[in-house]
Amino acid sequence: MANYVIGDVQGCLDSLLTLLDKIRFNPQNDTLWFAGDLVNRGPRSLDTLRFIKNLGENAHTVLGNHDLHLLALWCNSGRSHESDTIAEVVNAPDGEELVDWLRGQPLALRLPVVDNTLNGALLTHAGLLPQWSFDDALALSDEVRQVLSGPDWQAFMAELYGNKPNRWEQSLEGFDRLRLIVNVFTRMRMMRDDGKIDFKYKLEPADAPPELKPWFELERGFSGEGPIVFGHWSTLGQLKNKAGYCLDTGCVWGGQLTALRLEDEAIIQVDAVEPPLPTIP
């Protein structure tokens with residue numbers, strides 16, 4: 001029995017199946033935890049969603065920005081891009097069933113403690129604000145989950161996009177509050193010392209302007225909490241970092257698909273099976 005956390009799949013189902021074969025995944029005993037961005041840009045978004053959904057309780061996922069992009073397109077609130085490969089989900093006969101399953105997923109999950117490794121890590125797609133505890137993160141994730149899984153979710157999707165507000169205040173309300181929570185969990189990479197989030201810079205931290213720092217370099221306000229496992233940042237250039245682990249190793253760009261086994265913190269990787277996309281993220 002083993003637990004594996006897997007980085008951004010982005011519709012690269014063939015690479016995922018190759019990775020599962022390498023780790024000898026047994027759905028009767030093993031559990032998969034996905035760091036979000038199950039879909040888009042890769043060639044098999046529809047098949048990927050079907051496969052993971054059909055694993056039932058043997059697979060868990062947090063939402064990534066591309067998963068939310070699919071939800072937005074489903075309700076005509078998003079703007080399609082040339083690189084999108086999710087129209088097949090929107091047009092599928094089971095598309096509504098898959099979308100309903102996806103919008104019921106959280107933005108943050110606490111990973112199981114296994115033999116005291118990783119000390120109860122938190123899983124999210126992009127990151128965590130330094131002033132949020134793990135309990136805060138789970139409660140804020142649940143705020144968004146209640147809206148996304150509720151009857152008025154499409155009204156929220158129409159207000160989802162935007163970079164404001166870019167600094168957390170507990171007093172935030174309504175769509176501004178929900179938008180910032182989503183942006184932190186699914187889009188954040190760099191921050192300023194004053195707590196403002198920069199949503200534009202996407203490349204390696206070493207090349208960033210001096211006023212920007214990776215979110216995990218800012219001092220956390222809580223001691224004794226476990227590491228944070230995330231994806232989203234394929235250009236980060238490192239797996240282990242101050243926060244924990246970044247598992248996005250650019251599979252869709254011709255890199256690798258990465259799994260972290262919780263039992264011993266082993267890293268297992270396979271080279272991308274799919275042809276790489278011709279552009280950088």
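- Clustering ILVMFWY residues whenever any of their side-chain heavy atoms sit less than 4.5 angstrom apart, transitively, puts Val273 in a cluster other than the one holding Ile6.
- Contact detail for Arg103 and Asp100: the closest heavy-atom pair is NE-OD1, 3.0 Å.
- A salt bridge is defined here as a Lys NZ or Arg NE, NH1 or NH2 lying under 4.0 Å from an Asp or Glu carboxylate O, and Glu211 with Lys196 fails to meet this definition.
- Atom OG1 of Thr31 sits about 11.0 Å away from atom CG of Leu111, to the nearest 0.5 Å.
- For the pair Phe230 and Leu128, the minimum side-chain heavy-atom distance is 4.5 Å or more.
- For the pair Gln269/Leu257, no side-chain contact is recorded, criterion being any heavy-atom separation below 4.5 Å from C-beta on.
- Within the structure, the ring pair (Phe, Tyr, Trp, His ring centres under 6.0 Å) test picks out the following pairs touching residues 179-214 (sequence neighbours left out): Trp132-Phe185.
- In this structure a side-chain-to-backbone donor-acceptor pair under 3.5 Å is missing from Arg44 to Gln10.
- Counting only distance, with no hydrogens or angles, the side chain of Asp84 and the backbone of Ser80 share no donor-acceptor pair below 3.5 Å.
- Judged purely by atom type and a 3.5 angstrom limit, Asp21 has no side-chain atom pairing as donor or acceptor with the backbone of Leu17.
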Inset, instruction - Apply salt bridge (Lys or Arg N to Asp or Glu O under 4.0 Å) to the pair Arg261 and Asp264, showing each step before the final yes or no. - result: CA-CA 6 Å; Arg261 187 166 57 215; Asp264 56 3; 2.8 Å; yes

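- In summary, Arg179 and Asp176 engage in a salt bridge, as defined by a charged side-chain N under 4.0 Å from a carboxylate O.
- Checking Ser15 against Glu274 by side-chain atom types alone, a donor-acceptor pair falls below 3.5 Å.
- Side chain of Ser45 to backbone of Asn40: a donor-acceptor contact under 3.5 angstrom is found.
- The backbone N or O of Asp37 sits less than 3.5 Å from a side-chain atom of Asp67, completing a donor-acceptor pair.
- Side chain of Ser141 to backbone of Ala108: a donor-acceptor contact under 3.5 angstrom is found.
- For the pair Val89 and Trp74, the tightest heavy-atom approach, listed with the atom from each and the gap, is O-CZ3, 4.4 Å.
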Inset, instruction - For side-chain contact (heavy atoms from CB on, under 4.5 Å), just list the numbers for Leu98 and Leu46, CA-CA rounded to whole Å, side-chain angles, deciding distance to a tenth of an Å, and then say yes or no. - result: CA-CA 9 Å; Leu98 293 168; Leu46 176 60; 3.5 Å; yes

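- Within a 6.0 Å sphere centred on CD of Gln238, heavy atoms belonging to other residues, nucleotides or ligands number more than 12.
- Proximity of Leu19 to Ile268: side-chain heavy atoms (C-beta onward) are separated by under 4.5 Å at one or more points.
- Of all non-hydrogen atoms in Trp153 and Leu148, the two that sit nearest each other are CB-O, 3.2 Å.
- A donor-acceptor contact closer than 3.5 angstrom is absent between the side chains of Thr61 and Gln105.
- Between the CD1 atom in Ile52 and the CG atom in Asn58 there is a gap of 12.5 Å [rounded to 0.5 Å].
- With a 4.5 Å cut-off on side-chain heavy atoms, Asp193 and Lys213 count as touching.
- Residues Asp198 and Arg192 have side chains in contact (heavy-atom distance under 4.5 Å, counting atoms from C-beta outward).
- For the residue pair Ser77 and Gln154, the shortest heavy atom distance occurs at OG-O, 4.3 Å.
- Looking at heavy atoms from C-beta onward, Leu247 lies in side-chain contact with Val5 at the 4.5 angstrom threshold.
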Inset, instruction - Could you walk me through whether Arg110 and Asp135 pass the side-chain contact (heavy atoms from CB on, under 4.5 Å) test, one step at a time? - result: CA-CA 9 Å; Arg110 194 182 293 272; Asp135 285 343; 3.1 Å; yes

Legend entry - Derivation and outcome, side-chain contact (heavy atoms from CB on, under 4.5 Å), residues Leu68 and Leu71: CA-CA 5 Å; Leu68 288 164; Leu71 297 182; 4.1 Å; yes

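- Considering CG of Leu203 and CG of Leu236, their distance stands at 11.5 Å, rounded to 0.5 Å.
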Legend entry - Derivation of the side-chain contact (heavy atoms from CB on, under 4.5 Å) call for Ile267 and Leu260: CA-CA 5 Å; Ile267 296 290; Leu260 168 69; 3.8 Å; yes

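- Leu32 has its side chain within reach of Leu20: a pair of non-hydrogen atoms, C-beta onward, lies under 4.5 Å apart.
- Here the rule is ring pair (Phe, Tyr, Trp, His ring centres under 6.0 Å) with His60, and of Phe34, Trp33, Tyr4 only Trp33 fits it.
- Contact between Asp8 and Cys251 at its shortest, heavy atoms only, is O-CB, 4.3 Å.
- When hydrophobic clusters are built by joining Ile, Leu, Val, Met, Phe, Trp and Tyr residues whose side-chain heavy atoms come closer than 4.5 Å, directly or via intermediates, Ile228 is not grouped with Phe222.
- In terms of hydrophobic clustering, with Ile, Leu, Val, Met, Phe, Trp and Tyr side chains grouped at heavy-atom distances under 4.5 Å, Val113 and Phe134 are assigned to different clusters.
- Taken from NZ in Lys53 to CG in Leu102, the straight-line distance is 11.0 Å, to the nearest 0.5 Å.
- In terms of modelled atom types and a separation under 3.5 Å, the side chain of Thr249 and the main chain of Gln256 share a donor-acceptor contact.
- The shortest side-chain heavy-atom distance between Arg177 and Trp168 falls under the 4.5 Å cut-off.
- Applying the side-chain contact (heavy atoms from CB on, under 4.5 Å) test between Leu109 and each of Leu122, Val62, Leu138 identifies Val62 as the sole match.
- To the nearest 0.5 angstrom, Met188 atom CE is 9.5 Å from Trp233 atom CH2.
- The backbone N or O of Phe25 lies less than 3.5 Å from no partner atom in the side chain of Asp30, so there is not a single donor-acceptor pair.
- No donor-acceptor pair under 3.5 Å is formed between the side chain of Asp94 and the backbone N or O of Glu97.
- The shortest non-hydrogen separation linking Tyr161 to Ala72 is OH-CB, 3.5 Å.
- In this structure a side-chain-to-backbone donor-acceptor pair under 3.5 Å is missing from Asn183 to Leu180.
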